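Report on the following structure.
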Amino acid sequence: MDPKLGRMTLKEWVAIESDSVQPVPRFRQELFRMMTVAADTLQRLGAHVTSVDMGSQQLPDGQSLPIPPVILAELGNDPTKGTVCFYGHLDVQPADQGDGWLMDPYVLTEVDGKLYGRGATDNKGPVLAWINAVSAFRALEQDLPVNIKFIIEGMEEAGSVALEELVEKEKNRFFSGVDYIVISDNLWISQRKPAITYGTRGNSYFTVEVKCRDQDFHSGTFGGILHEPMADLVALLGSLVDSSGHILVPGIYDEVAPLTEEEINTYKAIHLDLEEYRNSSRVEKFLFDTKEEILMHLWRYPSLSIHGIEGAFDEPGAKTVIPGQVIGKFSIRLVPHMNVSVVEKQVTRHLEDVFSKRNSSNKMVVSMTLGLHPWIANINDTQYLAAKRAIRTVFGTEPDMIRDGSTIPITKMFQEIVHKSVVLIPLGAVDDGEHSQNEKINRWNYIEGTKLFAAFFLEMAQLH
Ligand SMILES: NCCCC(=O)N[C@@H](Cc1c[nH]cn1)C(=O)O
Ligand SMILES: [Zn+2]
Ligand SMILES: [Zn+2]
């Protein structure tokens, strides 16, 4: 390969501790270094690269931290060719060897064909696979079959801070010539069978604060004469969902898209070995027993999860405390055609009803801190056909057509602001462990994924 291309390896990228979640200057410096390294790599490939200054972020404690630049890169500007825009992120979730990693998370380590390291699959590996696919055309001295644009950010894991404003601002410039948008920031549903993703759930994240006073109490001195905030909160949280996973907030299922026979058939077509899935998840029993029910409850029905309680006593030992104020945190994954502001009203009304029935003298405040919309695409768009053909070429099989139960906020932003077709082409296997200890990408997925992206460019050129 031409040394001028300045090939970066996954090992070098994983070694950069680009953690966007912990808001400390050291990690911010690493994020800036990561974005510089990526911009240099793209420049050496011949891309026209702009690093957009994103200003700074004001944190709740009053601290201000700079936001790493977003890279906008363009390769080719041939009006006779289609233009594919790839979105990815180079920031990572926190990782510490002491949390149960078998190796230093920032040293890419190969064991049995698995490349372990923070960001290996989420999302440094896939971003490099797209870059490697472009490098392959360069190395073969072949023209790129399509014009390619890259938008690469460094704050995805922290909620894509300020990205929506940038997409809005660049709508009629950077995005004006874009025909299709591709993202590779999720996983297959299997170990070996590739997939195309056409939908993600949204998320409404709530806090419910119950306050008596801003100091804790001694339970011997005050226990028995107080409306205890924790008792109120436990009752509130306990009123949200029943033991079968059914959400108890009145009206919450009203707008959920009706289920059709055709849709059920799409779930039937997906190969999912439930036993293997259950074992690899180390769960004794799921709420549902069939593949179809499991997939539907992950993808096309809402779910409510209780995440934690701020202010609760959670240390070892037997401290006899009554917390003076507590904040419960829960979220609802949203599906088509649920609406974020309707859900906010329904949840607030429900909690107010439950709270008023307790006749508590405490104060309750409900807030929706995050409202992310669900996304669903038209799988008959040209690029879905191109992706399917590329998968047949590289893997010799039909892809699983899947949705994702989690949320990739940028998908909906692109759909609503840029008005172009968005496709998710994952390249990682189901057990890659995004956000978890011992995150990895299989060497096979990384290499075949690179081939898949090159084949996708060729198919797009044919179909455009
Ligand atoms: N497989 C892709 C996962 C992307 C991801 O983890 N997204 C977060 C985004 C989010 C939602 N609410 C708060 N952050 C997720 O939890 O789905
Ligand atoms: Zn990601
Ligand atoms: Zn992630």
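Computed from a predicted model, the values in this text were never measured in an experiment. The figures here come from the full heavy-atom set of this structure, side chains too, leaving out hydrogens, waters and symmetry mates. In listed order, ligands and their atoms are each counted from 1.
- Legend: residues meeting salt bridge (charged side-chain N to carboxylate O under 4.0 Å, His left out) with Lys268, ordered by chain and number and at least two apart, are absent.
- Here Asp185 fails the criterion, with no N, O or S atom under 2.8 Å of the Zn ion (ligand 3).
- Residue His89 does not count as close to the Zn ion (ligand 3), with no N, O or S atom under 2.8 Å.
- When hydrogens are left out, the protein atom nearest atom 6 (O) of ligand 1 is His435 CE1, 3.4 Å; that is the closest non-hydrogen contact.
- At a heavy-atom cutoff of 4.0 Å, ligand 1 is contacted by no atom of Leu187, backbone or side chain.
- Among all non-hydrogen protein atoms, the one lying nearest atom 10 (C) of ligand 1 is Leu372 CD1, 4.0 Å.
- At a cut-off of 2.8 Å, Glu434 is not counted among the residues with an N, O or S atom near the Zn ion (ligand 3).
- Of the protein's non-hydrogen atoms, the one nearest atom 3 (C) of ligand 1 is Ser406 OG, 3.5 Å.
- Nearest protein heavy-atom neighbour of atom 1 (N) of ligand 1: Glu434 OE1, 3.2 Å.
- Atom CD of residue Glu153 and atom CD1 of residue Ile410 lie 6.5 Å apart, to the nearest 0.5 angstrom.
- Protein heavy atom in closest approach to atom 8 (C) of ligand 1: Thr407 O, 3.6 Å.
- Note: Phe453 and Trp130 have parallel aromatic rings, judged against thresholds of 30 and 60 degrees for the angle between ring planes.
- Relative to atom 16 (O) of ligand 1, the option among Glu156, Arg333, Gln93 with the closest non-hydrogen atom is Arg333.
- Counting protein heavy atoms only, atom 2 (C) of ligand 1 is closest to Asp185 O, 3.1 Å.
- Using a 4.0 Å cut-off between charged nitrogen and carboxylate oxygen, Lys388 and Glu459 do not count as a salt-bridge pair.
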